[in-house]
S.K.: 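Let me give you the structure first, and then I'll get to my questions.
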2 protein chains.
Amino acid sequence: MALGKNYEGQDCSLAKALELIGERWTMLVIRDAMYGVRRYGDFLAHLDIPRAVLSQRLGALVEAGILDKRRYQDHPPREEYVLTDVGRELWPPMQALAHWGERHLSSTGPRRLFFHLTCGTRLDPTAHCPACGTRPPLEDLEVRPGPGLESSRDDAVSVALREPHRMLTPLP
Amino acid sequence: MALGKNYEGQDCSLAKALELIGERWTMLVIRDAMYGVRRYGDFLAHLDIPRAVLSQRLGALVEAGILDKRRYQDHPPREEYVLTDVGRELWPPMQALAHWGERHLSSTGPRRLFFHLTCGTRLDPTAHCPACGTRPPLEDLEVRPGPGLESSRDDAVSVALREPHRMLTPLP
DNA sequence: CTAGCACGGTTCAATCAATGAACTAAAGTG
DNA sequence: CACTTTAGTTCATTGATTGAACCGTGCTAG
């Protein structure tokens, strides 16, 4: 919980957003949640994040209303972390950042492609559907591996994402 | 320079972007550069950032090709930091993040309003010009204080931004 | 019944980064 | 010559991150 103290003097929406989601690892946790990762152990294996940090980040995101922690079975009791509506609305900024990274920091072409499920069209780089002219919400999208993907990971999430997958539906 | 080591396993454009601009303070430095802040001392006064951190961040951004460091006078020799084209293309993700922060973390209405200089129209929340139907580049925009602004800062940059100001033009 | 395991954490020592204050250095000004 | 402005660096302290080890609950196989 660092940023708060010193970003406080900044009367700026960006600073406020960064106090919440600007910490190390946090955006990657949210990215995984958008793919459909829900369980502690899956975040852990897919991100290679220290356990203590993951616990802290999940807790902060729940407290901020970006993730919802809920019981998904009683025997044994297990909790899962699911994006709230507020969290889902982070899709445009996350996508814009990823697009910038793809354009300027990568040479191999897009790693993931996104398709609009209701019409089958591939999204353009600004996450608009060229056919519908809209920016579809996360739940109407499917991710598919792109030509730039070179994942050598073998955790369950990475493996599952080598096939097309509907965003937000449970993974793996 | 931390993120590199552990985000490395993530074959993901977002992770690559965050290795560069995901560190504490970095995005706020870029935001200021978009407003037109160019000099070390102005970043320092406007951000309340520790000097050592500012030096490190400016250096990293220059090395990454996001800022350009250039001599703007010889007597005495002075350098300024200016956004490159690559850096300017961070406008969409930064704007999207700020918009999210404004919607979900603020109650007072927008702090800054952006206008398309070539037609005088106020941008919509996705940074499109409703009149032109395009997303204008940074240099064609003007910032003006919005109803949610409550800045009590009195550094030169904050004061200058209480008046309309063309993005990227030198500040203060 | 008991041993082992899966899951979701917590704890802790070591390392690494951020902070803020003090200091440096070059050049110009009165 | 003293003083100021600008742009840094240095350094001790504090705080965050890391990775390994440990804990507790409740299933499951023998």
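Hydrogens, waters and symmetry mates are skipped; everything else that's a heavy atom, side chains included, is used. Sequence lines set the chain letters: A, B, ... in the order given, protein chains first and strands last, and positions in each chain run from 1. All of these numbers come straight from a predicted model, not from anything done at the bench.
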S.K.: May I ask you to verify if any side-chain N or O of B/Lys69 is less than 4.0 angstrom from the OP1 or OP2 atom of D/dA7?
M.R.: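 Indeed not, no polar side-chain atom of B/Lys69 lies that close.
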S.K.: Which residues satisfy the side-chain hydrogen bond (donor to acceptor under 3.5 Å, both in side chains) test with A/Asp42, sequence neighbours excluded?
M.R.: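 Scan of A/Asp42 (side-chain hydrogen bond (donor to acceptor under 3.5 Å, both in side chains), adjacent residues dropped) gives A/Arg39.
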S.K.: Between B/Asp155 (CG) and D/dT5 (C1'), how many Å, whole number?
M.R.: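 The answer, rounded to whole Å, is 17 Å.
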S.K.: By nearest nucleotide on DNA chain C, pick out whichever of A/Ala52 and A/Glu79 is the more 5' one.
M.R.: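 Between the two, 5'-proximity favours A/Glu79.
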S.K.: A/Thr169: what forms a side-chain hydrogen bond (donor to acceptor under 3.5 Å, both in side chains) with it, not counting sequence neighbours?
M.R.: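 If we apply the side-chain hydrogen bond (donor to acceptor under 3.5 Å, both in side chains) test to A/Thr169, skipping adjacent residues, the hits are A/His165.
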S.K.: Are the charged groups of A/Arg78 and A/Glu80 less than 4.0 angstrom apart, N to O?
M.R.: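 No, this pair does not count.
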S.K.: Any side-chain N or O of B/Arg24 less than 4.0 Å from the OP1 or OP2 oxygen of C/dT19?
M.R.: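 Checking B/Arg24 against C/dT19: at least one side-chain N or O falls below 4.0 Å of OP1 or OP2.
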S.K.: Keeping to residues at least two apart or across chains, list the salt bridge (charged side-chain N to carboxylate O under 4.0 Å, His left out) pairs with something in residues 89-99 of chain A.
M.R.: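 Every salt bridge (charged side-chain N to carboxylate O under 4.0 Å, His left out) pair that includes a residue of residues 89-99 of chain A, provided the two are not neighbours, is A/Glu89-B/Arg103.
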S.K.: Examine C/dT10: is either OP1 or OP2 under 4.0 Å from a nitrogen or oxygen in the side chain of A/Ser55? Give yes or no.
M.R.: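 Affirmative; the distance criterion is met.
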S.K.: Tell me the interatomic distance from B/Asp42, atom CG, to D/dG8, atom C1', rounded to whole angstroms.
M.R.: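 Distance, rounded to whole Å: 15 Å.
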S.K.: In whole angstrom, give the distance that lies between atom CG of B/Leu54 and atom P of D/dA7.
M.R.: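 Those two atoms, CG and P, are 10 Å apart.
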S.K.: Round to a whole Å and report the spacing from CG of A/Asp48 to P of D/dG19.
M.R.: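 About 9 Å, once rounded to whole Å.
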S.K.: Tell me whether A/Arg166 is salt-bridged to A/Glu139, with the criterion being a basic N under 4.0 Å from an acidic carboxylate O.
M.R.: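 Looking at A/Glu139 together with A/Arg166, the answer is no, because their closest N to O distance does not fall below 4.0 Å.
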S.K.: What is the distance from CG of A/Leu44 to P of C/dT10, rounded to the nearest Å?
M.R.: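 Between P of C/dT10 and CG of A/Leu44: 13 Å.
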S.K.: Using a 4.5 Å cut-off on heavy atoms from C-beta on, say whether the side chain of B/Leu18 contacts that of B/Glu23.
M.R.: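 They are not in side-chain contact.
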S.K.: Go through the structure and list residues passing side-chain contact (heavy atoms from CB on, under 4.5 Å) with A/Pro77, not counting sequence neighbours.
M.R.: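 Testing A/Pro77 for side-chain contact (heavy atoms from CB on, under 4.5 Å), a comparison that skips the adjacent residues, returns A/Arg71.
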S.K.: Check the distance between D/dT5's C1' and B/Gln73's CD and give it to me in whole angstrom.
M.R.: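 Value for this atom pair: 11 Å.
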S.K.: Check each residue of residues 30-37 of chain B for a non-hydrogen atom within less than 4.0 Å of any atom in DNA chain C, then write out the ones that pass by number, or none.
M.R.: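 Residues of residues 30-37 of chain B that come under 4.0 Å of DNA chain C do not exist, since none gets that close.
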S.K.: Could you run through nucleotides 22-30 of chain D and give me one letter per nucleotide, 5' to 3': B if any protein heavy atom sits under 4.0 Å from the base, S if only the sugar-phosphate is that close, - if neither?
M.R.: ----SS---
S.K.: Using the side-chain heavy atoms of A/Tyr72, tell me which of these nucleotides is nearest: C/dA18, D/dT17, C/dG8.
M.R.: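 So the nucleotide nearest the side chain must be C/dG8.
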S.K.: What's the CZ-C1' distance between B/Phe43 and D/dA7, to the nearest Å?
M.R.: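 It is 13 Å, rounded to the nearest whole Å.
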S.K.: Under the ring-ring contact (aromatic ring centres under 6.0 Å, His included) test, which residues partner B/His104, sequence neighbours left out?
M.R.: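 Listed in chain order: B/Trp100.
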S.K.: Check the phosphate of D/dA16 against A/Trp25, side-chain N and O only, distance under 4.0 Å to OP1 or OP2. Yes or no?
M.R.: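 False: A/Trp25 side-chain N/O out of range (4.0 Å or more) of D/dA16 OP1/OP2.
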S.K.: Counting the atoms with a prime plus P, OP1 and OP2 as sugar-phosphate, which does A/Tyr81 contact under 4.0 Å by heavy atoms, base, sugar-phosphate, or nothing?
M.R.: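 A/Tyr81: backbone/sugar contact only, no base atoms under 4.0 Å.
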S.K.: Not counting sequence neighbours, list each pair that qualifies as a salt bridge (charged side-chain N to carboxylate O under 4.0 Å, His left out) and has a residue in residues 116-127 of chain B.
M.R.: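 For residues 116-127 of chain B: none.
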S.K.: Rounding to a whole Å, what distance do you find between B/Arg57:CZ and C/dA18:C1'?
M.R.: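 Value for this atom pair: 8 Å.
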S.K.: Hey, can you pull the donor-acceptor pairs under 3.5 Å for the side chains in residues 109-121 of chain A, sequence neighbours left out?
M.R.:
{"from": "A/Arg111", "atom 1": "NH1", "to": "B/Asp11", "atom 2": "OD1", "distance (Å)": "2.2"}
{"from": "A/Arg111", "atom 1": "NH2", "to": "A/Ser106", "atom 2": "OG", "distance (Å)": "3.3"}
{"from": "A/Arg112", "atom 1": "NH1", "to": "A/Leu161", "atom 2": "O", "distance (Å)": "3.2"}
{"from": "A/His116", "atom 1": "NE2", "to": "A/Thr118", "atom 2": "OG1", "distance (Å)": "2.8"}

